[in-house]
Q: 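Questions regarding the structure given below will be posed in turn.
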Amino acid sequence: MSIQESGEMYLETVLVLSEKLENVRSIDICEQMGFSKPSVSRAVSILKAENYISVNANGYITLTESGKAIARKIYERHTLLTNALRALGVSEKAASEDACKIEHDISDESFEAIKKHLSCK
C-alpha cells in the first residue's frame, strides 16, 4: 500500500516529536504542524487503520515498525536535502521548506545518487 505525502509528513512529525517527548499526543502534532484538531484526528485515524501508528488507551501515539521505516526514510531525506541546500548558500528557512517539497517526490534512485555524491565530498 502506498502512503500519501500528508501521511508521510504526519509520520515524520511523530518521529521528531518522539525524540523530544516521552509521550506523543494528537495535540502535540497539532502544535508542531499547525493543523486543526479535527484534521489531525482524521489523519491519526487513517494512519492507525493502515497500521502505521498505534494509539494506546491514554491517547499516546507510537510508530509501528512500518510507520517508523517510512518516517526515518522521509526524515533522512529532509535532513540531507536541507543540509545540501544550505551548503549551496540557501537560507535555513528556504532550504527546509524546499527540502520538505522535494523529499516526498524524489525517487529512491535519485536520492541515493545524491546521498552517494555528497558522501564522497
Side-chain angles (χ1 to χ4, degrees):
M1 174 176 268
S2 177
I3 186 168
Q4 293 183 348
E5 179 179 332
S6 62
E8 291 176 344
M9 290 171 52
Y10 278 100
L11 294 176
E12 182 183 16
T13 299
V14 172
L15 177 69
V16 170
L17 287 171
S18 68
E19 292 173 358
K20 292 187 228 175
L21 305 172
E22 187 174 336
N23 297 299
V24 177
R25 303 163 302 153
S26 290
I27 190 68
D28 301 315
I29 298 170
C30 292
E31 291 170 0
Q32 180 75 22
M33 298 182 81
F35 293 165
S36 70
K37 289 179 187 178
S39 294
V40 171
S41 178
R42 183 175 185 280
V44 165
S45 294
I46 292 168
L47 292 171
K48 183 179 173 187
E50 293 178 355
N51 200 34
Y52 292 119
I53 61 170
S54 61
V55 182
N56 73 11
N58 294 321
Y60 298 145
I61 300 166
T62 55
L63 295 166
T64 62
E65 286 306 313
S66 61
K68 200 176 290 184
I70 292 168
R72 286 183 178 149
K73 175 182 174 179
I74 296 301
Y75 186 69
E76 177 191 27
R77 288 177 175 205
H78 182 85
T79 303
L80 186 133
L81 293 167
T82 298
N83 292 339
L85 292 169
R86 290 284 298 131
L88 295 171
V90 177
S91 71
E92 181 70 39
K93 184 177 187 306
S96 182
E97 289 173 359
D98 290 344
C100 193
K101 295 171 191 169
I102 297 166
E103 70 196 24
H104 303 284
D105 291 325
I106 193 170
S107 69
D108 289 343
E109 179 183 358
S110 293
F111 179 75
E112 289 303 319
I114 291 169
K115 185 171 151 181
K116 183 179 176 184
H117 177 75
L118 293 175
S119 69
C120 293
K121 295 196 173 239

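Heads up: numbering here begins at 1 and tracks the sequence. Keep in mind that what you see is a predicted model, and the values were worked out from it rather than measured.
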Q: I74 versus L15: any side-chain heavy-atom pair under 4.5 Å?
A: no

Q: Side-chain contact test, heavy atoms from C-beta onward, threshold under 4.5 Å: evaluate it for N83 versus L118 and give yes or no.
A: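 Side chain of N83 against side chain of L118, heavy atoms only: no contact under 4.5 Å found.
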
Q: To the nearest 0.5 Å, tell me how far S45 OG sits from E50 CD.
A: 11.0 Å

Q: Looking only at heavy atoms, which two atoms of L63 and A71 are closest? And how far apart?
A: CD1-CB, 4.0 Å

Q: Which pairs, with at least one residue in residues 71-93 and sequence neighbours excluded, count as a salt bridge (Lys or Arg N to Asp or Glu O under 4.0 Å)?
A: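 Passing the test, one end in residues 71-93: K73-D108, E76-K115, R77-D108, R86-E92, K93-E97.
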
Q: Using the test side-chain contact (heavy atoms from CB on, under 4.5 Å), find all partners of T62 that sit at least two apart in sequence or belong to another chain.
A: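 Counting only residues at least two positions away or on another chain, T62 forms a side-chain contact (heavy atoms from CB on, under 4.5 Å) with S54.
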
Q: What distance separates T64 OG1 from N51 CG, expressed to the nearest 0.5 Å?
A: 5.0 Å

Q: Only counting residues at least two apart or in another chain, list the ones meeting side chain to side chain donor-acceptor pair (under 3.5 Å) with E103.
A: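 With sequence neighbours excluded, E103 shows a side chain to side chain donor-acceptor pair (under 3.5 Å) to H78, given in chain and number order.
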
Q: Could you state the interatomic distance from CD1 (I106) to CG (L80), rounded to the nearest 0.5 Å?
A: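 It is 9.0 Å, given to the nearest 0.5 Å.
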
Q: Going from CD1 on I46 to OH on Y52, what distance comes out if it is rounded to the nearest 0.5 angstrom?
A: 11.5 Å

Q: Any salt bridge (Lys or Arg N to Asp or Glu O under 4.0 Å) involving residues 17-33? Give me the pairs, sequence neighbours left out, ordered by first then second residue.
A: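 The answer is R25-D28.
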
Q: Show the atom names and distances, to 0.1 Å, of all donor-acceptor pairs under 3.5 Å that link a side chain in residues 32-43 to residues at least two apart or in another chain.
A:
{"from": "S36", "atom 1": "OG", "to": "S39", "atom 2": "N", "distance (Å)": "3.3"}
{"from": "S36", "atom 1": "OG", "to": "S39", "atom 2": "OG", "distance (Å)": "3.0"}

Q: I'd like to check the side-chain contact (heavy atoms from CB on, under 4.5 Å) partners of V90; sequence neighbours left out, ordered by chain and number.
A: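 Checked V90 against side-chain contact (heavy atoms from CB on, under 4.5 Å); matches are L85, A94, A95.
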
Q: Which atom pair, heavy atoms only, marks the closest approach of K116 to S119?
A: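 So the two residues come closest at O-OG, 2.9 Å.
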
Q: Does OH in Y75 sit with more than 12 non-hydrogen atoms of other residues, nucleotides or ligands closer than 6.0 Å?
A: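 Counting other residues, nucleotides and ligands, OH of Y75 stays at 12 neighbours or fewer.
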
Q: Provide the closest heavy-atom pair for V14 versus V24 in the form atom of the first, atom of the second, distance.
A: O-CG2, 4.2 Å

Q: Is the shortest side-chain heavy-atom distance between V44 and I61 below 4.5 Å?
A: yes

Q: About how many Å separate SG of C100 and CE of M9, when rounded to the nearest 0.5 Å?
A: 5.0 Å

Q: Counting only N and O atoms by type, is there a donor-acceptor contact under 3.5 Å from the side chain of N58 to the main-chain atoms of Y60?
A: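 Absent.
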
Q: Can you hop from I27 to L21 via hydrophobic side chains spaced under 4.5 Å?
A: no

Q: Got a second to check how far L47's CG is from Q4's CD, nearest 0.5 Å?
A: 10.0 Å

